[in-house]
There are 2 protein chains.
Amino acid sequence: MRDPRLHCPLTLAVKAISGKWKLYILSMLSDGTPKRYGELLKSTCENLTEKMLTSQLRELEKDGIITRKVYPEVPPRVEYMLTESGRKLCTIFEPLYEWGVDYMKTHRHDQLPWLEMGLKKLA
Amino acid sequence: MRDPRLHCPLTLAVKAISGKWKLYILSMLSDGTPKRYGELLKSTCENLTEKMLTSQLRELEKDGIITRKVYPEVPPRVEYMLTESGRKLCTIFEPLYEWGVDYMKTHRHDQLPWLEMGLKKLA
DNA sequence: CACAAAACCTACTAAAAAGTAAGTAAGCCA
DNA sequence: TGGCTTACTTACTTTTTAGTAGGTTTTGTG
């Protein structure tokens, strides 16, 4: 018998966002304006490598959550933005974010700083 | 500088549910009745191993999402159930689930079967 | 006294994911 | 002609995660 989790909408949703850098990427794109590859690469203080960024972008694209647009220029320009599915997905971040805030209060995690990404704009 | 993702409520929430068997476990517990170790182990057609079940349960417990209750009997009896945080977390599954349903419609995934877990009861 | 039952734990191996460092293409510009 | 830019590949190594097969504990029962 096949793994029923593969066919579960909830599992699908969670898998779509659980790559190591996907929340970061999605949050960067969540304000609606397209972002260039280099822009995504440089706007985190962490060492997000090219290999990782590329693989995460490819997965998100394959899953229909973002689109990739290549401009035929030299040097090349590639822009990424959310699809309709991607935009819907981002709206669900809100309750998750709220749960996290509540959770941090009761489980005494470090309170600050946390991502100053576009996430709050979703509210 | 530290990784801001570690301090992001959203990241925390997603990490809490992204273990390989966590959604399964959470869905089993989401009806509110405590479940025994062996019950969780046997109620999936997939080969969830003892090692994996134990590690996933330990993580959920460490994260304060489930509780573990040992009854001093022989043979031993151990029951797991959701904490308050865990129950709150499960309510967020609903929008994620809905997104997944919508996503499957537009991305022509196999439609059935999917997990007949307690998830729909959350509605 | 040997065996069963439940819920583990441990050591070892295999597979998957991530990190590292280097290379590529295509045209503009000096 | 050689260097510069951007958005990538590729090959290789290390680390993390998961799978496999065995062992342990504690009483009750035949």
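Numbered from 1 within each chain, the chains take letters A, B, ... in sequence-line order.
Within the 4.0 Å cut-off from OP1 or OP2 of C:dC8, at least one side-chain nitrogen or oxygen of B:R68 is found. Within the 4.0 Å cut-off from OP1 or OP2 of C:dA6, not a single side-chain nitrogen or oxygen of B:R36 is found. Regarding contacts with the backbone of D:dT9, a side-chain N or O of A:R58 is found under 4.0 angstrom from either OP1 or OP2. Considering only side-chain N and O atoms, B:R77 lies nowhere under 4.0 angstrom from the phosphate OP1 or OP2 of C:dA7. An OP1 or OP2 oxygen of C:dG19 is reached within less than 4.0 angstrom by a side-chain nitrogen or oxygen of A:K20.
If you measure from atom CE of B:M52 to atom C1' of C:dA15, you get 13 Å, rounded to the nearest angstrom. For B:E50 and D:dA21, the CD to P distance is 13 Å, given to the nearest whole Å. Between B:E39 atom CD and C:dA7 atom P the separation is 9 Å, expressed in whole Å. Between the CG atom of B:L40 and the C1' atom of C:dA7 there is a distance of 12 Å, rounded to whole Å. Rounded to whole Å, the distance from CG on B:L41 to P on C:dA7 is 9 Å. In this structure, B:L53 places its CG atom 17 Å from C1' of C:dT10, rounding to the nearest Å. Look at CD1 on B:I25: it is 14 Å from C1' on C:dA7, rounded to the nearest Å.
Counting only distance, with no hydrogens or angles, the side chain of B:D31 and the backbone of B:T33 share a donor-acceptor pair below 3.5 Å.
In terms of position along DNA chain C, the nucleotide closest to A:Q56 lies nearer the 5' end than the nucleotide closest to the other residue of the pair A:Q56 and A:V74. Position along DNA chain D of the nearest nucleotide to A:L57 versus B:T49 favours A:L57 as the more 5'-ward residue. Each of A:P76 and A:T54 has a nearest nucleotide on DNA chain D; the 5'-most of these lies closest to A:P76. Of the residues near DNA chain C, A:G19 and B:K42, the one whose nearest nucleotide (by heavy atom distance) lies more toward the 5' end is B:K42.
For A:Y24 and B:T11, the side-chain atoms include no donor-acceptor pair closer than 3.5 Å.
Distance CG/A:L53 to CZ/A:R58: 9.0 Å, rounded to 0.5 Å.
Contact check on B:E59 versus B:K22 returns a salt bridge, with a Lys/Arg side-chain nitrogen under 4.0 Å from an Asp/Glu carboxylate oxygen. A salt bridge is defined here as a Lys NZ or Arg NE, NH1 or NH2 lying under 4.0 Å from an Asp or Glu carboxylate O, and B:E39 with B:K35 fails to meet this definition.
Considering only the side chain of A:K51, C:dT20 comes nearest among C:dA11, C:dA7, C:dT20.
Using a 4.0 Å heavy-atom distance criterion, B:Y80 is classed as a sugar-phosphate-only contact.
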